[in-house]
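All values below come from the heavy atoms of this structure, side chains included, with hydrogens, waters and symmetry mates left out. Residue numbers start from 1 in every chain, and the chains themselves are labelled A, B, ... in the order their sequence lines are given, proteins ahead of strands. Note that the coordinates shown come from a computational prediction; the quantities given were computed from them, not determined experimentally.
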Protein chains: 2
Amino acid sequence: MPDAIPAFKPQAPEQSLDKDILAEMPAYDLIELFFFAYRDFVSDPDRILDEYGFGRAHHRVLHFVSRQPGLTIAELLDILRITKQSLNRVLKELIEKNFIESRTGTADRRQRLLHATPQGHDLALKLAKLQTRRIMRALSGAEPQAKEAISQYLLCLIDPDDREHVKHLVFGPDKT
Amino acid sequence: MPDAIPAFKPQAPEQSLDKDILAEMPAYDLIELFFFAYRDFVSDPDRILDEYGFGRAHHRVLHFVSRQPGLTIAELLDILRITKQSLNRVLKELIEKNFIESRTGTADRRQRLLHATPQGHDLALKLAKLQTRRIMRALSGAEPQAKEAISQYLLCLIDPDDREHVKHLVFGPDKT
DNA sequence: AATTTTATGTCAGCCTTGTTGACATATCTC
DNA sequence: GAGATATGTCAACAAGGCTGACATAAAATT
C-alpha cells in the first residue's frame, strides 16, 4: 500500500508516517528496560525475605495488608490476581509466624479482616524503604516533573478497567 | 522528638525537612504502580504463549535471541540471570519446536550461536507488538519529553554495575 | 424457618520455572 | 599433553502458580 488514497495523503503526512513506524517498529527499548528494571527492583527485598524464610509471594501479601489494615481476603485476591489456594499457602505462614493477624469481621462475620502485627509492619516498612531508596536514586537526576510523568505512564500501562481501582488503592479514596 | 536540637533546626529547614520525609515515607505510589503495571504488561503475551504451549520463560529466551541473532548461551545466561539448567529446559523446547536454531560457533566451536527461525521471529515480533501497543497507549497522552524521562528512570532503577551492559544491549553498541 | 448464596478454609495433585550438585564432552589455550 | 572453558545432561528439590472438590459458618432471600 505505498500509494495512499489522495484524500488521506496530504493530510498530516508526518503523523501518518509516525503511525506507520510505530505500527511496524516495536518499542524494544521500553520493553527491555522494563524487564531489567523490574528484575533488579524486586531483587533488593529478596535478600532480606530469605532471612525470614519468606519469598516474593509473602512480600506482596504483607505489603498490601500492611498498607491497608482491615483488608479482606476477597480484596486481596482481587489485587494479587491469584487463587485463594495460592494465597492461603503464604498467608497461613505469615499468620503462623506472627506477621499478620486475621480478625473476624464485625459487620460481616464471614469476612476475615487482615492486619499486620507490629512485627509485620516493621518488615513491610523495611522492604518498602529498600525499594524507595532505589526509586529515589533513579529519580534524583530527573526533573521535578519526571515523577508525575512516570506515575502517569505506569498508571496507563494498567488495564483500563482496573485503573480506577488501582488509583483508589494507591492514592486513597479521597483523592479524586 | 518535636523539639529539634537548636544547632540543626535553623540550617536549611526546607531541605532537611524534605530529606527527613523521604527517609521516613516510602514511595508507596511508585512501588505499587510498578507492581500493577508489570502485572498487566506481561499478561498480554501470556495469553498467546499459552496457545503455543510456552510460558514466560520461553518468551524471555525467544525475545533476546530474536533481538540479537548469534547470541551465545553464556551471554543469554548473563541477561536472564538464571542457571544453565533452567535455561536449557526451555531452550530445548524452543529448538525442538523450531522457534530457535543453535549453530556451532565459527571462531570458537565450543560456543552455540542462537538464532530465531522465521517462525521464531514471527512469534517474537507478535509478542513485542502486543506489548508495544500497550506502551504506546500509555505514552499517547504524555508529553514528548516523557518517553526520555521514563527510559532514564527505568535505566537508573537497574543495578549500577549492570547499567552499561544493559545500555549496550538495549540501545546497541554504536550509541555511546 | 428453610433455603440459597457468599466468604473463607482445606485437601490433593499437577505444572512451570527456579535452584543445587555431579558429571560428560568437545574445544580452546598454554 | 594439561588445564581451562563452553556447553549439555541427569537427578532431586523448592516456590508459587493452577484446578477441582468439598466443608463450614454466616448472611441474604424467600
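For B:Arg81, the CZ atom sits in a packed shell: over 12 heavy atoms of surrounding residues, nucleotides or ligands are nearer than 6.0 Å. The number of heavy atoms from other shown groups lying within 6.0 Å of CD (B:Gln145) is above 12.
In terms of polar N and O atoms assigned as donor or acceptor, the side chain of A:Gln85 never comes within less than 3.5 Å of the base of D:dG16 in a complementary pairing.
Nearest nucleotide to the side chain of A:Ala57, out of C:dG9, D:dG16, C:dG18: D:dG16. The side chain of B:Thr83 lies closest to C:dT19, out of C:dC11, D:dG16, C:dT19.
Distance, A:Arg56 CZ to D:dA14 P: 19 Å, rounded to whole Å. Summarising the geometry, the separation between CG on A:Asn88 and P on D:dC18 is reported as 13 Å, rounded to the nearest angstrom. Summarising the geometry, the separation between CG on B:Leu94 and P on C:dT16 is reported as 13 Å, rounded to the nearest angstrom. To the nearest angstrom, P of C:dT10 lies 12 Å from CG of A:Leu87. We find that CD of B:Glu93 is positioned 16 Å from C1' of D:dG8, with the value rounded to whole Å. Rounded to an integer number of Å, the gap from A:Leu91 CG to C:dT8 C1' is 11 Å.
Aromatic ring orientation, A:Phe41 versus B:Phe34: perpendicular (interplanar angle above 60°, classes split at 30° and 60°).
For the OP1/OP2 pair of D:dG17 and a distance below 4.0 Å, the side-chain nitrogens and oxygens of A:Arg60 include at least one atom meeting the criterion.
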Ignoring hydrogens and angles, write down the donor-acceptor pairs under 3.5 Å from the side chains of residues 133-140 of chain A, residues two or more places apart or on other chains.
{"residue": "A:Arg134", "atom": "NE", "partner": "A:Asp44", "partner atom": "OD2", "Å": "2.7"}
{"residue": "A:Arg134", "atom": "NH1", "partner": "B:Leu157", "partner atom": "O", "Å": "2.5"}
{"residue": "A:Arg134", "atom": "NH1", "partner": "B:Asp159", "partner atom": "OD1", "Å": "3.0"}
{"residue": "A:Arg134", "atom": "NH2", "partner": "A:Asp40", "partner atom": "O", "Å": "3.4"}
{"residue": "A:Arg134", "atom": "NH2", "partner": "A:Asp44", "partner atom": "OD1", "Å": "2.9"}
{"residue": "A:Arg134", "atom": "NH2", "partner": "A:Asp44", "partner atom": "OD2", "Å": "3.2"}
{"residue": "A:Arg134", "atom": "NH2", "partner": "B:Asp159", "partner atom": "OD1", "Å": "2.7"}
{"residue": "A:Arg137", "atom": "NH2", "partner": "B:Cys156", "partner atom": "O", "Å": "3.4"}
{"residue": "A:Ser140", "atom": "OG", "partner": "A:Arg137", "partner atom": "O", "Å": "2.8"}

All N/O pairs under 3.5 Å across the protein-nucleotides 24-27 of chain C interface:
{"residue": "C:dT27", "atom": "OP1", "partner": "B:Arg109", "partner atom": "NH2", "Å": "3.2"}

